[in-house]
Amino acid sequence: MGNVQQFCNHQYQQHRNFILYGVIGCVTTAIDVGIFTLLAHFNIHELIANTISYQVAMVASFFLNRKYNFKIKDKVWQRFLSFFIVNLIGYGLSQLLVFLFITKFGMNDFIGKLLATILAAICQFLFIKHLTFKVKKQEAKVKCEDKCS
């Protein structure tokens with residue numbers, strides 16, 4: 001049993017950011033889809049509903065990823081701006097996919113929105129990890145020295 005636990009711990013450490021991004025993504029997706037569904041229920045146009053729900057979830061995602069996933073506290077506004085820009089790109093992709101899935105292909109609102117969100121999230125993770133929350137080698141070395149001492 002020890003080997004399985006060691007393997008799992010190693011895999012978790014190796015893929016920690018992606019795993020936590022996924023968990024946080026599930027929470028913020030629930031926020032996004034919940035708000036979208038509520039607004040759609042009140043006959044708010046799907047693109048307006050998507051805009052509102054996406055932006056609320058994006059702000060929640062930034063603060064959750066900053067605090068619990070990447071644990072980076074410096075340059076808050078600069079990182080938020082980077083996060084916002086990455087999310088604008090993801091938002092554009094999400095809008096396009098929502099339009100295609102729901103308006104053009106006639107998918108159910110919930111299914112179309114969920115599928116669009118998943119596809120956009122995969123693209124966003126790569127940018128967020130490697131741009132928004134990237135730590136310079138010097139900063140990483142200092143972090144390691146702080147933890148190791």
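The shown structure was predicted, so the numbers you read here are calculated from the model rather than taken from an experiment.
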Please step through side chain to side chain contact (heavy atoms under 4.5 Å, CB included) for the pair Thr117 and Asp32, ending with a clear verdict.
CA-CA 9 Å; Thr117 300; Asp32 185 3; 4.0 Å; yes
Just how far is it from atom [atom1] of [X] to atom [atom2] of [Y], taken to the nearest 0.5 Å?
{"X": "Thr29", "Y": "Lys113", "atom1": "OG1", "atom2": "NZ", "answer": "8.0 Å"}
{"X": "Ile118", "Y": "Leu97", "atom1": "CD1", "atom2": "CG", "answer": "11.5 Å"}
{"X": "Phe70", "Y": "Arg16", "atom1": "CZ", "atom2": "CZ", "answer": "8.5 Å"}
{"X": "Leu47", "Y": "Ile52", "atom1": "CG", "atom2": "CD1", "answer": "11.5 Å"}
{"X": "Tyr54", "Y": "Thr28", "atom1": "OH", "atom2": "OG1", "answer": "9.5 Å"}
{"X": "Ile128", "Y": "Arg66", "atom1": "CD1", "atom2": "CZ", "answer": "14.5 Å"}

Selection residues 105-132 - residue pairs positive for ring pair (Phe, Tyr, Trp, His ring centres under 6.0 Å), sequence neighbours left out:
Phe18-Phe125, Tyr21-Phe125
Which heavy-atom pair separates [X] from [Y] by the least distance, and what is that distance?
{"X": "Arg79", "Y": "Phe133", "result": "NH1-CA, 3.6 Å"}
{"X": "Lys71", "Y": "Lys67", "result": "CG-O, 3.4 Å"}
{"X": "Ala116", "Y": "Phe101", "result": "N-CE1, 3.8 Å"}

Sequence neighbours excluded - side chain to side chain donor-acceptor pair (under 3.5 Å) pairs with any residue from residues 33-45
none
Step by step, work out the side chain to side chain contact (heavy atoms under 4.5 Å, CB included) result for Asn17 and Asn69.
CA-CA 6 Å; Asn17 289 134; Asn69 189 359; 2.9 Å; yes
Determine all donor-acceptor pairs shorter than 3.5 Å in which one atom belongs to a side chain in residues 82-95; sequence neighbours excluded.
from  : atom 1 : to     : atom 2 : distance (Å)
Ser82 : OG     : Thr132 : OG1    : 2.9
Asn87 : OD1    : Gln124 : NE2    : 2.6
Asn87 : ND2    : Phe83  : O      : 2.8
Tyr91 : OH     : Thr51  : OG1    : 2.4
Tyr91 : OH     : Gln95  : NE2    : 2.9
Gln95 : OE1    : Asn50  : ND2    : 2.5

Given side chains that start at C-beta, do those of Phe99 and Glu46 come closer than 4.5 Å, heavy atoms only?
no
